[in-house]
> 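First the structure, which I've put down as C-alpha cells, then a few questions once you've had a look.
Excluded from the calculations below are hydrogen atoms, water molecules and symmetry mates; all remaining heavy atoms, backbone and side chain alike, are included. Lettering of chains follows the sequences in order, A, B, ..., and the numbering in each one begins at 1.
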Amino acid sequence: MRTDRAGDLRAGDVDRAVALCGWVAGRRDHGGVVFLDLRDAGGVVQVVVDPDAATGLDAHTIRAEYVLRVEGTVRHRPEGSTNPDLATGAVEVAARTVELLNRAEPPPIPIGERVEADEVLRLRYRYLDLRSERLQRNLRLRARVNHALRASLDEQGFVEVETPMLIASTPEGARDFVVPSRRHPGSFYALPQSPQLLKQLLMVGGIDRYYQIARCLRDEDLRADRQFEFMQLDAEMSFADGDDVMAVIGDAVRAAVVAATGREAPPIGRLTWQEARDRFGTDKPDLRVLLEIVDVHEVLAATAFRAFQAEAVRGLCVPGGAELGRGRLDALIERAKGLGAAGLVWMRVRDGAELDSPVARHLTDDERLGIIDAFGAQPGDLLLLVAGALGTVASVLGALRVEVAHPVDPPDLALAWLVDFPLFEGLDDDGHPIAAHHPFTAPHPADRDLLEHATGADLLAVRSRSYDLVLNGWEMGSGSVRIHDPDLQARVLAVLGIDESRARERFGFLLDAFGYGAPPHAGFAVGIDRLVAILAGEDNIREVIAFPKTQSGTDPLTGAPSGIDARQLRDLGLSVIRRT
RNA sequence: GGUCCUGUGGUGCAGUUUGGAGUGCACGCCGCCCUGUCAAGGCGGAGGCCGCGGGUUCAAAUCCCGUCAGGACCGCCA
C-alpha cells in the first residue's frame, strides 16, 4: 500500500517514486497549487498538488485529518522555500495521484504540539490525541524503555514469568480491587497490588532469577504520579543480597535511560534514609537541587523565644532569596502550615549580619550571629526556619526545598539508591509497630538485638534491608532482602502483633512454602510509568499512558466505571445497596 | 474525608476584583478570491443555557449558597 513513511523522506530520496499513506495534518490552499502536510507514524512531509495535475481527487475539497494515499515523486524544494523546522523540510512530494481512503469530521481538539486542550476532552478523544507528536513520542519512548529493561534482565539470566491477575485478597497494604466469583457466590478474587508473594513462591520453586513487566492495581486515590493500574518491572533473585539486586536493577535502569535519551546514563549514588531525611527532608530527594537543610538546634538550644523551643529547629538558606516579596513569603508560610508546620519563620540577611525578620527582636545577638554562621548565609540570602517535631520539620522543609529552588532543566537526571530504611513506621493503636514495607522485609543485621529485645517505640529504630531507587525526586521503585528464616519471620510477625493463626490465615501458603527450603532471596520493583514520565520530560504519568483515567478514576472515553445489568448481578450473587 | 485552582460559541483565552445589552482576541468551521505556502493570505458569514441549581438585586458571566466536572496537593498509597 505504501513504499515509505512520510516522515522518513530526505534529500537522498529525491527523484524516487513513492507511495505514502497518512492523515492530513494541515493544508494550505492557494486556489491553484495546494500544499498538504501528510502525517504518519514517521512524521510529516509536504505534498504538493499542482493545479494542472490530474490526481483523481479535487485537492480543494481535502480537509484536516482526511486519510489519504498519495503517489508521487520526491523532489527538492525550490530555492528559498525549504523548511528547517521539519525533518523532511528539504524535500516535498509532487503528487501524481491522491486517493481518498477516508473522510474525517473536524477534530474537536487540536492535534498538534502547539496548543493545550482541556484534559477531559483529550481523554474523551484519546484516539485523536494519540496522533499528536507528544503522545507518539512518549509511547514510542515507553516501548524502547520496556524493551531495554527486558533485554537487560534477559542478558543477566532472568526468566520472564507471568503471574495471575486473579488472586486471593490479603488484607495488608493498599485497598484491593476485587472481582466477584460466579462459581463461588459471595467469594471474591483480588487483582494484584503487586506480584510480591507470587514471586517469592517462584524463588522457593527454583526459578532463581525472575522478572516480569507486571500490571499492578491499587484502589487508592489518584495523583499526578499514581493511577489505579500501573506497570512495574518486577524482579526477584535467589542466593542474592541487596547489593546484587541494586547492581542488576541499576544496570537495567541505566540501559533504559540510554535507550530513552541516547545519552550516557548517570551513575547511581547511594545514601542512607537517615542522611536523606537530615539533608533533604524526604526519602525521595530531588538531588538536582543542591540546597540542603541546616540544623540550627544547637545555636538555639538556650533560646528564650518559645517558638524555637522544640525538638527540632532546622532551616533552608535560599541564596539571593531576600528579594522575595511579602506575598511570596506569606504563600510559603501558608504552604508550610498546610504541610503540618506550626509556622514558618523567614529572615532576610542584610549587610552587617543584620536579620530582617518578624522574630528578630526575640533573638539575642549571639543567636542571630549563630544562625547566620550555621547557614553560611550571605547578605541578600533568605532563611526559612521551621521548629517542631523532627519528622514534621524535616518533611516541611523537604517540600519547601524543591519549591524555593530555581527550576532545573528537565534533561538532568539524578539517580540514587536510598538504603537502611526503618523497618517500621509508627505504632498502631495497640502499640505494635507498623511494617514500613511489608512483613517479609529482612531487618538490618546490625539491629537484630534491638529487634529481639526492644519494645514499643524503641523498635522504631530498627532498620531494614530495604532500598528505594529515586530519580529527580520521584520514588522510582523499592525492594528488599526478604526474610527466609522461619524463626526470624516468626519474631517479626510477633513484633507486628500478627499472631500465628492470623498469619496463617493471611499468608499461610507463603509460610508453608518457606518450610520446604526457601533460598535466601531479594528483589525489587521499578515503577515504569514514573520512569518513562521522567525520561519523557513529563510531570504527569497520564502523558505516558495510552488510556489513563482521571483523578476521580473515570475514563471519559469508555465511560468506565459503569453499571452492569441485573442479570450480571444475579449471576454473581450480588445486589447493589444505594447509599444515601 | 480535606485544602486550593479552573469551568465563557467547536478549541484556547480575556471579561468576574468595582453587577449595567453575550462585549472582545486568536484558532477552527462555512462561502468566495487567490500558483510556493508551511501558524499561508484577503473578503464575508455562521456559531453562546457564560458547567448546573438556588438566592440577593430594578438588573448577575460578575456577588452569596449549593452542586457537578477537571486539575494540583494533604490524608491514603504494606
Side-chain angles (χ1 to χ4, degrees), chain A residues 25-38 44-53 59-60 63-65 75 77-86 88-89 92 94 105-125 128 170-176 193-194 196-197 216-228 230 331 334-341 395-396 399 403 421 423-426 428 433-441 464 466 475 478 480 492 496 498 506-507 527 539-540 542 549-554 556:
Chain A
R27 62 195 167 91
R28 290 170 295 282
D29 185 345
H30 287 239
V33 66
V34 176
F35 298 99
L36 301 172
D37 292 330
L38 194 70
V44 171
V45 74
Q46 173 165 282
V47 171
V48 185
V49 184
D50 286 312
D52 50 353
H60 305 293
R63 294 293 179 267
E65 301 305 322
R75 68 188 185 197
R77 292 195 183 194
E79 190 75 27
S81 64
T82 58
N83 185 348
D85 297 330
L86 211 56
T88 60
E92 62 191 13
E105 296 297 320
I109 55 168
I111 304 174
E113 195 77 335
R114 210 162 281 110
V115 213
E116 279 286 288
D118 180 74
E119 196 167 344
V120 73
L121 277 176
R122 293 181 57 204
L123 293 178
R124 181 171 303 145
Y125 299 100
L128 294 180
T170 54
E172 305 290 315
R175 194 176 293 113
D176 282 324
Q193 298 175 24
S194 80
Q196 180 62 40
L197 301 179
C216 306
L217 298 106
R218 296 177 188 174
D219 188 3
E220 298 291 348
D221 286 358
L222 290 69
R223 288 281 196 286
D225 61 350
R226 283 166 24 193
Q227 287 267 306
F228 282 153
F230 57 99
E334 285 311 305
R335 176 70 177 143
K337 286 180 177 171
L339 292 164
S395 64
V396 169
E403 290 176 22
F421 275 73
L423 186 60
F424 309 114
E425 53 179 13
D428 65 20
I434 301 163
H437 197 48
H438 55 64
F440 318 111
T441 304
S464 70
S466 67
E475 182 189 322
S478 64
S480 63
V492 169
L496 289 169
I498 301 173
R506 293 184 184 188
F507 23 75
D539 55 17
N540 191 311
R542 291 188 299 272
K549 292 187 174 50
T550 65
Q551 195 166 72
S552 69
T554 66

> Pick one: which of Leu217(A), Asp219(A), Asp176(A) meets side-chain contact (heavy atoms from CB on, under 4.5 Å) with Gln193(A)?
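Only one option passes, and that is Asp176(A).
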> So what does Pro51(A) touch, heavy atoms closer than 4.0 Å: a base, only the sugar-phosphate, or nothing?
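Result for Pro51(A) = base.
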> Tell me what Ser395(A) touches on the nucleic acid: a base, only sugar-phosphate, or nothing, going by heavy atoms under 4.0 Å.
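The answer is nothing, as Ser395(A) stays clear of every strand by at least 4.0 Å.
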> For the side chain of Ser464(A) and the backbone of Phe421(A), is there at least one donor-acceptor N/O pair under 3.5 Å apart?
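Side chain of Ser464(A) to backbone of Phe421(A): a pair is present.
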> Taking a pair as Watson-Crick or G-U wobble with both distances under 3.5 Å, which nucleotide is matched to G41(B)?
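Its partner is C33(B) (Watson-Crick or G-U wobble, both distances under 3.5 Å).
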> Do Arg218(A) side-chain and C77(B) base share a donor-acceptor contact under 3.5 Å?
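Answer is no: no donor-acceptor pair is held.
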> Between Arg226(A) (side chain) and Asp221(A) (backbone), is there a donor-acceptor pair under 3.5 Å?
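At least one qualifying donor-acceptor pair exists.
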> If I take atom CD in residue Glu220(A) and atom P in nucleotide G1(B), what distance separates them, rounded to the nearest angstrom?
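Roughly 13 Å, once rounded to whole Å.
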> Quick one: Lys337(A) NZ to C4(B) C1', roughly how many Å, whole number?
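It is 16 Å, rounded to the nearest whole Å.
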> Counting side-chain heavy atoms from CB outward, which of G36(B), C30(B), U35(B) is closest to Arg75(A)?
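My answer, after comparing the listed nucleotides, is G36(B).
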> Base, sugar-phosphate or nothing for Leu86(A)? Non-hydrogen atoms, less than 4.0 Å.
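No contact at all - Leu86(A) keeps every heavy atom at 4.0 Å or more from the nucleic acid.
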> What integer distance in Å separates Ile109(A):CD1 from G12(B):P?
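These atoms are roughly 10 Å apart.
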> Among U37(B), G31(B), G36(B), which nucleotide has an atom closest to any side-chain atom of Arg28(A)?
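From the listed options, U37(B) comes nearest.
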> Can you measure from CD1 (Ile434(A)) to CG (Leu423(A)) and round to the nearest 0.5 angstrom?
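Result: 12.5 Å between the selected atoms.
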> With a non-hydrogen cut-off below 4.0 angstrom, is Ala436(A) in contact with a base, only sugar-phosphate, or nothing?
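The residue Ala436(A) makes sugar-phosphate contact but no base contact.
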> Taking the same atom, C1', in C43(B) and in C5(B), what whole-Å distance lies between them?
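Here C43(B) and C5(B) have their C1' atoms 42 Å from each other.
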> For C30(B) and G15(B), measure between their P atoms and round to the nearest Å.
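Each nucleotide's P atom is 31 Å from the other's.
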> Output the rounded distance in Å from CG (Asp29(A)) to P (C38(B)).
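Taking atom P of C38(B) as the reference, CG of Asp29(A) is at 14 Å.
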> Which of these nucleotides, C38(B), C76(B), U35(B), is closest to any side-chain atom of Asp37(A)?
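Ranking C38(B), C76(B), U35(B) by closest atom to the Asp37(A) side chain puts C38(B) first.
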> Could you check whether Arg77(A) gets within reach of a base, just the sugar-phosphate, or nothing at all, counting any heavy atom under 4.0 Å?
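Contact class for Arg77(A): base.
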> Rounding to an integer number of angstrom, what distance separates U67(B) and G7(B) when you compare their C1' atoms?
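These two C1' atoms come out 14 Å apart once rounded.
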> Could you tell me whether Arg28(A) and Asp37(A) have a side-chain N and a carboxylate O separated by less than 4.0 Å?
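The answer is yes: the pair qualifies as a salt bridge.
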> Please write out each protein N/O paired with an N/O of nucleotides 68-73 of chain B under 3.5 Å, distance rounded to 0.1 Å.
| residue | atom | partner | partner atom | Å |
| --- | --- | --- | --- | --- |
| G70(B) | OP1 | Thr550(A) | OG1 | 3.2 |
| G70(B) | OP1 | Ser552(A) | OG | 3.2 |
| G70(B) | OP1 | Thr554(A) | OG1 | 3.0 |
| G70(B) | OP2 | Ser552(A) | OG | 3.1 |
| G71(B) | OP1 | Gln551(A) | N | 2.9 |
| G71(B) | OP2 | Gln551(A) | N | 2.7 |
| G71(B) | O3' | Arg542(A) | NH2 | 3.1 |
| A72(B) | OP1 | Asn540(A) | ND2 | 2.7 |
| A72(B) | OP1 | Arg542(A) | NH2 | 3.1 |
| A72(B) | OP2 | Gln551(A) | NE2 | 2.6 |
| A72(B) | N7 | Gln551(A) | OE1 | 3.3 |
| C73(B) | OP2 | Ala224(A) | N | 3.4 |
| C73(B) | O2' | Arg335(A) | NH1 | 3.4 |

> Would you mind pulling out the nucleotide paired to A72(B), Watson-Crick or G-U wobble, both distances under 3.5 Å?
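Across all strands, the one nucleotide that pairs with A72(B) is U3(B).
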> Does Phe35(A) or His60(A) map to a spot on RNA chain B nearer the 5' end, using the closest nucleotide for each?
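The residue closer to the strand's 5' end, by nearest nucleotide, is His60(A).
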> Who is the Watson-Crick or G-U wobble partner of U67(B), with both distances under 3.5 Å?
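Here U67(B) is engaged in a pair, and the nucleotide opposite it is G51(B).
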> Taking pairing as Watson-Crick or G-U wobble with both contacts under 3.5 Å, can you name the mate of U23(B), or confirm there isn't one?
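Looking at the geometry, U23(B) pairs with A14(B).
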> Which value, in whole Å, describes the distance between the P atoms of nucleotides U16(B) and U6(B)?
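13 Å, rounded to whole Å.
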> Between U35(B) atom C1' and His30(A) atom NE2, what is the distance in whole Å?
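These atoms are roughly 8 Å apart.
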> Mind checking the C1' distance from G71(B) to C65(B)? Whole angstroms is fine.
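Those two atoms are separated by 24 Å.
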> For the side chain of His60(A) and the backbone of Asp29(A), is there at least one donor-acceptor N/O pair under 3.5 Å apart?
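No; judged by distance alone, with no hydrogens or angles, the pair does not exist.
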> Considering only the P atoms, how many Å lie between C32(B) and U62(B), rounded to the nearest integer?
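It works out to 41 Å between them.
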> In whole Å, measure the gap between the C1' atoms of G10(B) and G47(B) for me.
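That atom pair is separated by 9 Å.
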> Quiz question: going by heavy-atom distance under 3.5 Å, is there a donor-acceptor pair between the base of C76(B) and the side chain of Arg226(A)?
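Pair found.
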> Output the distance between atom CZ (Arg175(A)) and atom CZ (Arg218(A)), rounded to the nearest 0.5 Å.
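Interatomic distance, Arg175(A) CZ to Arg218(A) CZ, rounded to 0.5 Å: 13.0 Å.
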> Any N or O donor-acceptor pair linking the side chain of Asp221(A) to the base of C77(B) at under 3.5 Å?
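Such a pair does not exist between side chain and base.
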> What is the distance from CD of Glu92(A) to P of A40(B), rounded to the nearest Å?
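In whole Å, A40(B) P lies 16 Å from Glu92(A) CD.
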> Between A21(B) and A61(B), how far apart are the two C1' atoms, rounded to whole Å?
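Those two atoms are separated by 13 Å.
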> Are more than 12 heavy atoms, taken from residues, nucleotides or ligands other than Glu105(A), located less than 6.0 Å from that residue's CD atom?
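Result for CD/Glu105(A): open.
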> Side chains of Asn83(A) and Gln46(A): is there a donor and an acceptor less than 3.5 Å apart?
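No - no donor-acceptor pair under 3.5 Å links their side chains.
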> How many angstroms lie between atom CZ of Arg542(A) and atom CZ of Arg122(A), to the nearest 0.5 angstrom?
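Here the rounded value is 9.0 Å.
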> Nearest whole Å is fine: how far is G75(B) P from Glu425(A) CD?
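Atom CD in Glu425(A) sits about 12 Å away from atom P in G75(B).
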> Once you round it to whole Å, what is the distance between P of U37(B) and CG of Asp85(A)?
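Distance check: Asp85(A) CG to U37(B) P gives 15 Å.
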> Does a side-chain N or O of Arg27(A) approach OP1 or OP2 of C29(B) to a distance below 4.0 Å, or not?
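For Arg27(A), the contact criterion (side-chain N or O under 4.0 Å from OP1 or OP2 of C29(B)) is met.
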